[in-house]
A.B. asks: 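Here you go, one structure.
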Protein chains: 2
Amino acid sequence: MSRLERAEELYEAVNQLIRVHQFRDRDYICCHDVSVAQCYALETLIKRGPLRLQALADEMYLDKSTTSRVVDSLLRKQYVLKLHDPDDQRAIQLSLTPSGEALYQTIHQDLISEEASMIKDVPPEVVDGALTLIRQLTIAARNRLGS
Amino acid sequence: MSRLERAEELYEAVNQLIRVHQFRDRDYICCHDVSVAQCYALETLIKRGPLRLQALADEMYLDKSTTSRVVDSLLRKQYVLKLHDPDDQRAIQLSLTPSGEALYQTIHQDLISEEASMIKDVPPEVVDGALTLIRQLTIAARNRLGS
DNA sequence: ATCACTATGTTGTTAGTAACAACTATAATG
DNA sequence: CATTATAGTTGTTACTAACAACATAGTGAT
């Protein structure tokens with residue numbers, strides 16, 4: 001199999017995985033109080049700590065304007081907190097409120113236990129292998145984006 | 001590592017991969033004459049042969065109403081063809097026009113050669129491994145959806 | 001010190017994504 | 001023939017997301 005053929009198979013396989021995951025995520029997230037993008041913002045803020053708007057946008061591969069609106073909806077629902085940076089009046093630090101954290105934990109547990117059921121018949125060493133490879137692919141893709 | 005921990009890591013890794021892929025796909029597809037969803041419809045129609053609307057919707061994990069509109073836009077741009085089934089006046093068979101096929105081939109080649117560059121530093125056997133595992137995960141997820 | 005430049009966020013606008021419900025028209029069934 | 005089921009379309013609503021224009025706040029050079 002040539003590299004091009006390999007690339008084609010991989011592209012196809014990843015695409016299929018993406019569809020299924022997205023479909024499932026919508027299902028699990030939207031019955032709570034937030035949309036998929038909002039949930040992803042919560043996740044990013046939890047995992048990458050307090051962030052400025054532009055930094056959050058970069059992490060999520062979104063435009064700052066889009067991010068601003070996503071954050072705004074979370075603000076109105078009181079899931080995130082805006083703190084003005086005293087050293088720079090333009091900048092804001094975004095972090096989760098306790099209720100934001102609680103909501104994310106609930107959704108996260110749902111999603112993870114679903115993922116766990118999903119892989120219940122896949123041998124652990126196979127999952128570990130997949131993990132490594134998927135990460136390698138992500139890194140390769142990310143490096144490519146930068147250039 | 002427990003199954004839950006494994007599930008958590010996997011969920012995170014797949015999510016990252018999805019973001020990067022989506023970001024890139026938008027970039028590569030939207031500079032041509034179609035949107036991401038439209039391109040995916042073209043792809044599905046090429047790969048799964050002529051389809052009815054409902055069948056196309058099922059393949060794409062979309063509602064038939066959403067699919068109807070996606071198809072409609074492709075119809076207006078003359079990339080797909082609607083044929084009424086003589087045996088069932090309600091049903092339509094959807095297929096690509098020559099220009100639809102040509103457009104898809106162009107985009108597809110772009111995407112695949114990008115994917116190929118992406119994996120140029122990843123050893124072939126690693127890609128093959130990832131391929132198998134990603135497919136296994138997709139199947140597991142799909143089975144889970146059905147239930 | 002001031003004027004130009006840059007960076008941070010927000011708002012206006014536009015287009016694409018996607019579901020649910022209601023509807024029309026056509027089969028299939030009893 | 002009436003009832004029910006199926007195939008697609010249309011109305012409506014909400015979310016996703018970018019680009020451009022903007023206000024405001026720091027940064028630097030003269």
Side-chain angles (χ1 to χ4, degrees), chain A residues 18-44 50-77 80-94, chain B residues 18-42 44 50-77 79-94:
Chain A
I18 289 179
R19 306 292 160 193
V20 179
H21 263 251
Q22 279 190 314
F23 187 81
R24 191 199 58 181
D25 284 2
R26 258 205 315 279
D27 244 36
Y28 275 82
I29 294 171
C30 292
C31 57
H32 295 89
D33 194 26
V34 288
S35 73
V36 174
Q38 285 162 23
C39 181
Y40 185 44
L42 291 180
E43 181 174 42
T44 309
L51 288 174
R52 292 185 169 193
L53 192 99
Q54 182 64 62
L56 179 60
D58 291 343
E59 288 281 339
M60 302 187 7
Y61 299 97
L62 292 178
D63 190 84
K64 57 182 177 164
S65 64
T66 305
T67 311
S68 174
R69 276 181 256 251
V70 170
V71 166
D72 203 52
S73 59
L74 289 171
L75 223 94
R76 259 172 301 157
K77 293 178 188 165
V80 306
L81 215 72
K82 245 183 193 174
L83 282 180
H84 280 273
D85 185 336
D87 297 336
D88 186 341
Q89 286 301 325
R90 297 168 301 178
I92 51 176
Q93 283 287 319
L94 298 164
Chain B
I18 290 178
R19 305 291 161 192
V20 178
H21 263 252
Q22 278 190 313
F23 187 82
R24 189 199 59 183
D25 283 2
R26 257 205 317 277
D27 244 37
Y28 275 81
I29 294 170
C30 293
C31 58
H32 294 89
D33 195 24
V34 288
S35 72
V36 174
Q38 285 162 24
C39 181
Y40 184 44
L42 291 180
T44 309
L51 289 174
R52 291 186 171 193
L53 192 99
Q54 182 64 63
L56 179 60
D58 291 343
E59 289 280 339
M60 300 185 14
Y61 299 95
L62 292 177
D63 189 83
K64 58 182 176 166
S65 64
T66 305
T67 311
S68 174
R69 275 180 256 251
V70 170
V71 165
D72 204 52
S73 60
L74 289 171
L75 222 96
R76 259 177 313 198
K77 293 177 190 166
Y79 293 133
V80 304
L81 216 71
K82 246 182 191 174
L83 282 181
H84 280 271
D85 185 336
D87 298 336
D88 185 340
Q89 287 301 326
R90 298 169 302 178
I92 53 175
Q93 283 287 317
L94 298 165

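Here is how names work: the chains are called A, B, and so on, in the same order as the sequence lines, proteins then strands, and each is numbered from 1.
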A.B. asks: Would you say B:I29 and B:S35 make side-chain contact, with heavy atoms under 4.5 Å?
C.D. replies: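 No, their side chains stay 4.5 Å or more apart.
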A.B. asks: Need one value for A:Y61: base, sugar-phosphate or nothing, where a base atom within 4.0 Å counts as base even if backbone is also close, heavy atoms only.
C.D. replies: sugar-phosphate
A.B. asks: Between D:dA7 atom P and B:L56 atom CG, what is the distance in whole Å?
C.D. replies: 14 Å
A.B. asks: Taking CD from B:Q89 and P from C:dT26, how many angstroms apart are they, rounded to a whole number?
C.D. replies: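 About 7 Å, once rounded to whole Å.
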A.B. asks: In whole Å, what is the span from the CG atom of A:D63 to the P atom of C:dA15?
C.D. replies: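 Value for this atom pair: 17 Å.
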A.B. asks: Between C1' on C:dA7 and CG on A:D87, what's the gap in Å once rounded to a whole number?
C.D. replies: 15 Å
A.B. asks: What contact category does B:V36 fall into here, base, sugar-phosphate, or nothing, at under 4.0 angstrom with non-hydrogen atoms?
C.D. replies: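 Sugar-phosphate, backbone atoms only, no base.
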A.B. asks: Can you find a heavy atom in the side chain of B:L56 that is under 4.5 Å from one in the side chain of B:L62?
C.D. replies: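 No, side chains not in contact.
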A.B. asks: How do B:Q38 and A:D72 order along DNA chain C: which one's closest nucleotide is nearer the 5' end?
C.D. replies: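 Looking at DNA chain C, the more 5' nearest nucleotide goes with A:D72.
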A.B. asks: Separation of B:D25 atom CG from D:dA18 atom C1', in whole Å?
C.D. replies: 17 Å
A.B. asks: Does A:D85 or A:S35 map to a spot on DNA chain D nearer the 5' end, using the closest nucleotide for each?
C.D. replies: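 Its nucleotide being nearer the 5' end, the pick is A:S35.
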A.B. asks: Is the terminal nitrogen or CZ of B:R26 (NZ for Lys, CZ for Arg) located under 6.0 angstrom from the six-membered ring centre of A:Y61 and within 45° of that ring's axis?
C.D. replies: no
A.B. asks: Can you tell which of D:dA7, C:dA18, C:dA27 lies closest to the side chain of A:R26?
C.D. replies: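 Of all the options, the side chain of A:R26 is nearest to C:dA18.
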A.B. asks: Looking at the side chain of B:S65, which of D:dG11, C:dA18, D:dA18 is the nearest nucleotide?
C.D. replies: D:dG11
A.B. asks: Could you work out which one of D:dT24, D:dT9, D:dA18 sits closest to the side chain of B:S68?
C.D. replies: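 Comparing D:dT24, D:dT9, D:dA18 against the side chain of B:S68, the answer is D:dT9.
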A.B. asks: Taking only the side-chain heavy atoms of B:L53 (C-beta and beyond), determine which of D:dG8, D:dA18, C:dT17 contains the nearest atom.
C.D. replies: D:dG8
A.B. asks: Any idea which of C:dG9, D:dA18, C:dT26 is nearest the A:L62 side chain?
C.D. replies: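 Selected nucleotide (nearest to the side chain): D:dA18.
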A.B. asks: If I take atom CD in residue B:Q93 and atom P in nucleotide D:dG8, what distance separates them, rounded to the nearest angstrom?
C.D. replies: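 Result: 9 Å.
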A.B. asks: Quick one: B:R90 CZ to C:dT26 P, roughly how many Å, whole number?
C.D. replies: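 Distance, rounded to whole Å: 10 Å.
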A.B. asks: List the steps, then state whether side chain to side chain contact (heavy atoms under 4.5 Å, CB included) holds for A:D85 with A:R52.
C.D. replies: CA-CA 9 Å; A:D85 185 336; A:R52 292 185 169 193; 3.5 Å; yes
A.B. asks: Can you check whether any acceptor in the base of D:dG11 is under 3.5 Å from a donor in the side chain of B:R69, or vice versa?
C.D. replies: yes
A.B. asks: Is the side chain of A:K82 donor-acceptor paired with the backbone N or O of A:L75 at a distance under 3.5 Å, no angle test?
C.D. replies: no
A.B. asks: Taking the nucleotide of DNA chain C with the nearest heavy atom to each, does A:Q54 or B:P86 sit closer to the 5' end?
C.D. replies: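 Nearest-nucleotide comparison on DNA chain C picks A:Q54.
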A.B. asks: Does any part of the side chain of A:V20, heavy atoms only, come nearer than 4.5 Å to the side chain of A:R24, both counted from C-beta?
C.D. replies: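 No - every pair of side-chain heavy atoms lies 4.5 Å or more apart.
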A.B. asks: Grab the CD1-P distance between A:I92 and D:dG26 for me, whole Å please.
C.D. replies: 14 Å
A.B. asks: So, is A:K82 near the phosphate of C:dT8, with a side-chain N or O under 4.0 Å from OP1 or OP2?
C.D. replies: no
A.B. asks: Name the closest nucleotide to the B:D88 side chain, picking from C:dA27, C:dT17, D:dG8.
C.D. replies: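 Of all the options, the side chain of B:D88 is nearest to C:dA27.
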A.B. asks: With a cut-off of less than 4.0 Å, is there a side-chain N or O of A:K64 near OP1 or OP2 of D:dC22?
C.D. replies: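 So the side-chain polar atoms of A:K64 never come under 4.0 Å of the phosphate oxygens OP1 or OP2 of D:dC22.
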